[in-house]
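Each remark here refers to the structure printed beneath this line.
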Number of protein chains: 2
Amino acid sequence: MILGNARPNGHITPCEQCPLRRLPCLREFTPQELEFIKRFKIDELRVEPGASFLHEGSRSEHLYTVLEGWAFRYKTLDDGRRQILNFALPADMVGLQGAVMEEMEHSVEALTPLTLCVLPRRRLYELYSQYPTLAFDITWLAAREEQMLEQHLVSIGRRSALERVAFVLLHIYGRARELGLARDNIVAFPLTQQHLADALGLSLVHTNKTLKRLIATKAIRWQGRQFELLNEEMLSSIAGTEAPASKNRPFI
Amino acid sequence: MILGNARPNGHITPCEQCPLRRLPCLREFTPQELEFIKRFKIDELRVEPGASFLHEGSRSEHLYTVLEGWAFRYKTLDDGRRQILNFALPADMVGLQGAVMEEMEHSVEALTPLTLCVLPRRRLYELYSQYPTLAFDITWLAAREEQMLEQHLVSIGRRSALERVAFVLLHIYGRARELGLARDNIVAFPLTQQHLADALGLSLVHTNKTLKRLIATKAIRWQGRQFELLNEEMLSSIAGTEAPASKNRPFI
DNA sequence: CGCTTCTTTGAGCCTCATCAAAGGGCGTGG
DNA sequence: CCACGCCCTTTGATGAGGCTCAAAGAAGCG
């Protein structure tokens, strides 16, 4: 684990030119909201793959929105066992828990080179008191995170290894697709099988064998950082769920 | 599963006399906040044990705060497998997800006779625009729920059966104690072992055997709906965590 | 080309699931 | 007050799914 390997990005993307705003799955802002967000964002941060920028047990002065790249939120036990809680993709907010409550109860690590918008927690109250629609959006984001955790919990608690693998892959693929990261049903996946195993509560070995089994069904392909969805219906039926698809999602 | 077995309570406890407000773990309101909450609460509902009052896939007109009694949030798979996500105790808000997003993704069932404060979702925006401190509290509550789910996820994903059982029991006991529901280290537990199993992602049989094993360590006792904590330190060390303890927690 | 990281495969074992059935505890009705 | 039924708990037996250990391929990278 690399620590603290984060630095200012050199330049800051102005919010009105934010590439995420063009995505059809994200909601539009009013000019006033946009103006506030632009002031709310005080910096832009660059994090290298493998570096953690938020730490379990610490109190952070900032919260972040992923502008570009992939990350994951995780917790570790004393003896080193690790559980990945969820993945963070562009437009996802990260570190809200630490901003609202006493301290973070999980860590966040970059999977790819990561660009983050930096938002100071001390000005969160300003947002709540002056921009109730944005405050509502933040609650919405928290509720969505909760929803994803719940789905994940059912998966780990009650599904077989094959169902679990199918479920995460479909879930991640669906989220990437929404963000326009898929081309010809192919997404560049920055995950290793170890990440998958830690997300699913399985061992690396068993994850590998299960993954092979899933690939043998021809529902998916996954080679060299490229994930390809071959048969969405089949994958959905193995996973026991549909790929996520949201509209007018807020982000900040 | 009993459906729809909920009815108005006959009388409504006025918020300024709310018995929860006396609890030291909960935060105080300003008179203005209290006044608003009092108007926000439009009814009081009574639910029988075993009855579900919020349903996966439906859209609810209300959100609720537990005034008295225990409940649990859960999801079910098509083939009947059930996963309990978390338990709801007095001062916990329930149904927020359905109020903020399109629809509920989980159901909620009463464990004991349950008294609920009914809050209309259509007036949530009024709260956000006029009472930013309360809006912040709601986000806080959502973040706390997320935190509990995360702990639960680690437990199910990475801990052994014995550790899991110890963890939930310590967790639930801690929450009950905070609310003043413990006397001489004893709490009246409305759970069956089936509930425990569904929360832990274990089978009923294995939960029973594991529970016996835990009881054999003399860390706890559990007979006839009475749970007794005999050795908190030992239970903590088996669970790999401390019992929760919060101060100045918001509730609405 | 050599190093590191990640993937793949095999073997053996253990935890936990499933199946089956007996044993309380409690309320209800006879 | 007993008998019955229901719900929950407990126990045993058997097997499968997933874990651990070990080591050999691939693949990327300097």
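Everything numeric here is computed off the predicted structure, so don't read it as measured data. Values below: all heavy atoms of this structure, side chains included; hydrogens, waters and symmetry mates excluded. Chain identifiers are assigned alphabetically (A, B, ...) following the order of the sequence lines, protein sequences preceding nucleic acid strands; residue numbering begins at 1 within each chain.
With no hydrogens or angles considered, a side-chain donor-acceptor pair links A/Gln151 and B/Glu105 at under 3.5 Å. Judged purely by distance below 3.5 Å, without hydrogens or angles, the side chains of A/Ser107 and A/Arg73 never pair a donor atom with an acceptor atom. Remark: the A/Gln97 side chain and the B/Glu150 side chain contain an N/O donor-acceptor pair separated by less than 3.5 Å.
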| Base, backbone or nothing for each nucleotide of nucleotides 13-30 of chain D, written B, S, -, heavy atoms under 4.0 angstrom, 5' to 3'? | B----BSBB---------
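Following rounding to the nearest Å, A/Leu191 (CG) and C/dT5 (P) show an atom-to-atom distance of 18 Å. To the nearest angstrom, C1' of C/dT8 lies 7 Å from NZ of A/Lys212. Put simply, CG on B/Leu200 is 15 Å from C1' on C/dA17, counting in whole angstrom units. Distance, B/Gln194 CD to D/dC7 C1': 12 Å, rounded to whole Å. Protein atom CG of A/Leu211 is 13 Å distant from nucleotide atom C1' of C/dC6, rounded to whole Å. Atoms CH2 (B/Trp222) and P (C/dG24) sit 19 Å apart, rounded to a whole Å.
Each of C/dT8, C/dC6, D/dT10 was ranked by its minimum atom distance to the side chain of A/Thr192; first place goes to C/dC6. Closest contact between the side chain of B/Gln193 and the listed nucleotides C/dT9, D/dT10, C/dT7 involves D/dT10.
Residues B/Leu23 and B/Phe251 are not in side-chain contact: their nearest non-hydrogen atoms beyond the backbone lie 4.5 Å or more apart. Residues A/Gln147 and A/Glu145 fail the side-chain proximity criterion, which asks for heavy atoms closer than 4.5 Å.
Pairs passing the side chain to side chain donor-acceptor pair (under 3.5 Å) check and including a residue from residues 152-168 of chain A, sequence neighbours excluded, read A/Ser155-A/Arg159, A/Arg158-B/Asp198, A/Ser160-A/Glu163, A/Glu163-B/Arg81.
In this structure, B/Asn208 reaches the D/dT10 phosphate: one of its side-chain N or O atoms is under 4.0 Å from OP1 or OP2.
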